[in-house]
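Data first, discussion second: the structure below is written as structure tokens.
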Amino acid sequence: MDSVMSAAKTQPRHFLDLDRISAAELRGMIDQAAKWKATRDRSKPLKDKIMAMIFEKQSTRTRLSFEVAMKQLGGDVINMTSGDSQISRGETIADTAKVLSRYVDAVMIRTTAAAKLEDLAANATVPVINGLTDQSHPCQIMADILTFEEHKGPIAGKVITWSGDGNNVATSWIHAAVLFGFELRLACPDKNQPSATALAWAKREGGKVHATIDAHAAAKDADCIVTDTWFSMGTDPKLFRPDVFAPYRVDEALMACAKPDAIFMHCLPAKRGEEVTAGVIDGPQSVVWDEAENRMHAQKAILAWCLA
Ligand code: CP
Ligand code: NVA
């Protein structure tokens with residue numbers, strides 16, 4: 001009985017993907033983030049908590065925003081790259097998870113295959129946070145929801161248009177559409193359509209998620225246009241086809257299809273002249289700097305939820 005009790009007690013609260021967390025819990029995190037941001041709260045709910053961060057890919061925002069968030073909440077972080085740990089010499093993710101769980105209170109990982117994230121979570125006895133995989137980027141979309149609502153009010157019932165590659169960030173947008181109750185239209189080239197698994201899940205859940213190849217039709221009367229790089233980290237450079245993506249560039253003409261007060265979002269880093277024109281990303285409808293700042297606020301709420 002004792003061992004059952006202690007096993008139950010050690011079940012960690014992972015933040016792996018939005019479709020694995022209830023709508024009420026996600027809404028609670030957004031509301032908490034907005035409250036802490038508004039009040040510039042400096043209480044230290046995570047005093048003395050330590051999080052390890054493993055980076056198998058590059059990062060500016062995720063690394064910095066998690067570090068600042070954790071420190072402002074009273075905790076601290078330890079940064080690791082796979083190259084400077086024994087992972088690069090073949091130590092398994094499972095063994096790494098078991099060892100890190102003896103030192104730290106949470107682990108964030110940015111990695112390639114989602115299977116590695118799963119392996120880490122299955123073997124860790126502390127919460128694991130998805131800081132991006134080839135398949136999804138849930139922390140980013142929490143910041144995006146916070147940003148949208150700051151500028152446009154409740155996202156439920158609104159129309160968001162994604163124009164570009166049907167990539168990892170697009171998948172987390174699909175999950176969010178169902179859980180936050182907005183319409184999502186994804187315009188992507190024929191061979192770069194969003195995850196069929198995520199689309200099928202959204203359909204089963206009764207979400208308003210539509211995939212198309214027509215960017216201008218998808219942008220009609222939208223409240224927000226979103227895009228991302230045409231060339232995600234880890235993509236084979238031989239497969240990079242700017243000509244195929246050109247019709248999906250977010251330019252002034254595409255923004256003009258949306259509502260006159262529509263906003264533009266991009267998770268960054270951006271390539272001006274590829275997925276977005278300088279006029280749009282640096283123009284009056286762009287909220288990308290608020291969006292980048294909100295990584296920190298949204299992640300404070302995620303950390304508090306995981307470590308509560
Ligand atoms: N948007 C985002 O995740 O940025 P980084 O790659 O800089 O972390
Ligand atoms: N889709 C991009 C997001 C970067 C934050 C990538 O995976 O490189």
Side-chain angles (χ1 to χ4, degrees), residues 15-18 33 51-70 77 79-82 107-117 129-148 162-176 184 186-189 191-195 198 224-237 239-242 244-245 248-250 264-272 274-276 281 286-300 302-303:
F15 188 87
L16 301 180
D17 266 314
L18 302 184
M51 178 165 75
M53 302 205 287
I54 306 171
F55 285 94
E56 296 202 294
K57 292 178 172 184
Q58 296 92 331
S59 170
T60 297
R61 279 146 290 270
T62 303
R63 188 191 310 261
L64 271 289
S65 59
F66 262 118
E67 182 152 352
V68 174
M70 199 64 185
V77 297
N79 271 291
M80 298 165 68
T81 63
S82 47
V107 181
M108 191 233 66
I109 185 166
R110 167 167 285 195
T111 187
T112 52
K116 291 200 210 172
L117 171 77
I129 298 174
N130 176 358
L132 180 146
T133 68
D134 291 347
Q135 279 73 35
S136 63
H137 196 3
C139 291
Q140 178 66 53
I141 280 34
M142 292 297 277
D144 294 354
I145 303 290
L146 180 62
T147 310
F148 181 91
W162 174 276
S163 184
D165 188 15
N167 63 13
N168 46 2
V169 178
T171 293
S172 290
W173 268 109
I174 293 171
H175 294 158
L184 179 66
L186 302 117
C188 313
K191 291 201 165 59
N192 301 82
Q193 285 288 302
S195 155
C224 173
I225 309 273
V226 198
T227 192
D228 184 17
T229 179
W230 292 341
F231 190 64
S232 284
M233 293 179 278
T235 310
D236 181 350
L239 300 178
F240 184 45
R241 293 285 309 275
V244 169
F245 283 106
Y248 301 89
R249 174 176 300 122
V250 182
F264 169 76
M265 292 209 277
H266 189 311
C267 66
L268 305 176
K271 280 271 181 73
R272 287 167 178 76
E274 288 190 9
E275 72 273 9
V276 61
I281 194 169
S286 172
V287 297
V288 298
W289 312 122
D290 292 340
E291 190 182 354
E293 176 185 335
N294 282 338
R295 290 295 303 276
M296 179 176 70
H297 301 294
Q299 284 157 199
K300 281 184 181 174
I302 293 168
L303 287 164

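Numbering of ligands and ligand atoms starts at 1, following listing order. Note that these values count all heavy atoms, side chains included, but never hydrogens, waters or copies made by symmetry.
- Every N/O-N/O distance between His137 and ligand 2 stays at or above 3.5 Å.
- Nearest non-hydrogen protein atom to atom 8 (O) of ligand 2 is Met233 N, 2.8 Å.
- The nearest heavy-atom contact from the protein to atom 7 (O) of ligand 2 is Asn168 ND2, 2.8 Å.
- In summary, the side chains of Asn168 and Gln140 do not present any donor paired with an acceptor at a separation below 3.5 Å, with no hydrogens or angles considered.
- A heavy-atom separation below 4.0 Å is not found between Thr62 and ligand 2.
- Residues Glu275 and Thr229 bring no donor and acceptor atom of their side chains to less than 3.5 Å of each other.
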Take Ser232 and Asp165, measure what side chain to side chain donor-acceptor pair (under 3.5 Å) needs, and give me the verdict at the end. CA-CA 9 Å; Ser232 284; Asp165 188 15; 4.5 Å; no

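- The nearest pair of heavy atoms linking Pro189 to Val244 is CB-CG1, 3.5 Å.
- Interface of Leu268 with ligand 2, defined as ligand atoms under 4.0 Å from a residue heavy atom, comprises 5 (C).
- A parallel orientation is assigned to the rings of Trp230 and Phe245, their planes being inclined by less than 30° (bins at 30° and 60°).
- Of the charged side-chain nitrogens involved, none lies within less than 4.0 Å of a carboxylate oxygen, so that Asp134 and Lys116 do not count as a salt-bridged pair.
- For atom 3 (C) of ligand 2, the closest heavy atom belonging to the protein is Asp228 OD2, 3.6 Å.
- At a heavy-atom cutoff of 4.0 Å, ligand 1 is surrounded by Ser59, Thr60, Arg61, Thr62, Arg110, His137, Gln140, Cys267, Leu268, Arg295.
- At least one side-chain heavy atom of Val169 sits less than 4.5 Å from a side-chain heavy atom of Trp162.
- Between Ser232 and ligand 2, at least one N/O pair is under 3.5 Å apart.
- Between the side chain of Thr133 and the backbone N or O of Thr111 there is no donor-acceptor pair closer than 3.5 Å.
- Residues Thr171 and Gln135 fail the side-chain proximity criterion, which asks for heavy atoms closer than 4.5 Å.
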